[in-house]
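Indexing begins at 1, ligand by ligand and atom by atom, following the structure's order.
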Amino acid sequence: MGGLANGVLGLWLAAAGSPVVDATEVVEDLVVDMRYATPDNFLKQKVYPDGARCLLLPQTAERLKKAADTLRAQGYRLKVYDCYRPIAVQWQMWKIMPKPGYVANPKKGGNHNRGAAVDLTLVTADGAEVEMPTPFDSFERAAHHGYQGGTKASREHREILRAAMEGAGFKRNAMEWWHYDLPGATKLPVLDVPFSAK
Ligand SMILES: C[C@@H](N)C(=O)N[C@H](C)C(=O)O
Ligand SMILES: [Zn+2]
């Protein structure tokens, strides 16, 4: 879809009401740790407002619910690190890490900017993080899905998360174990919604 069509669709969505939902209203046991609302992220600064929520397109949130339902039966919950991301923040990220695969090029917009991607990990039923191959946003080979190093437990957790997310209809990012996309989302418009939107 071209820029003009995206703009028209964006205006139509705005007129029809907010295009996003708060994911905690769809996934009742979702744990939210919006890292970019804290200085604990690769930018080393807080780039979201206090209380920034996990906003997603309804179809992204529904798939997340499906993954969470699968994982609950296995004794796990999902913890999100990032959901909808304003395009201005995408530009801030690109200045620091201009590497496609690790950060989407803001000229085209990434799927976070469309409410169609989520960064997340697995936690236990009581909310404790499980071991993964690397910390979140660690841009290195050990974060790739093909990485066979690290502990057996970390590889198993990555696989449990991958199976639940792909089973729910998400597409993995080969270079980031934590990032999942709504398939076909690049055709959707880049959004401009405040974190207070409902
Ligand atoms: C920056 C990282 N958390 C991430 O989400 N990367 C993808 C590729 C993106 O920027 O869309
Ligand atoms: Zn991501």
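- Regarding atom 2 (C) of ligand 1, its nearest protein heavy-atom neighbour is D137 OD1, 3.3 Å.
- At a 4.0 Å cut-off, at least one heavy atom of N173 sits close enough to ligand 1 to count as contact.
- Residue Q90 places a heavy atom under 4.0 Å from ligand 1.
- Here D82 does not reach the Zn ion (ligand 2): none of its N/O/S atoms is less than 2.8 Å from the metal.
- Under 4.0 Å from ligand 1, the heavy atoms of R85 that appear belong solely to its side chain.
- For Y81, the closest heavy-atom approach to ligand 1 does not fall below 4.0 Å.
- Listed here is the closest heavy atom pair of L43 and Q92: CD2-O, 3.9 Å.
- Atom 6 (N) of ligand 1 has its closest protein heavy atom at Y102 O, 2.8 Å.
- Residue contacts with ligand 1: N111 is excluded, as none of its non-hydrogen atoms falls under 4.0 Å.
- The residues R72 and D29 are annotated as salt-bridged, a charged nitrogen and a carboxylate oxygen being separated by less than 4.0 angstrom.
- Between W177 and the choices R158, R155, H144, the side-chain contact (heavy atoms from CB on, under 4.5 Å) rule is met once, by R158.
- Heavy-atom separations between Y36 and ligand 1 include at least one value shorter than 4.0 Å.
- Put simply, no part of P100 is less than 4.0 Å from ligand 1, judged by heavy atoms.
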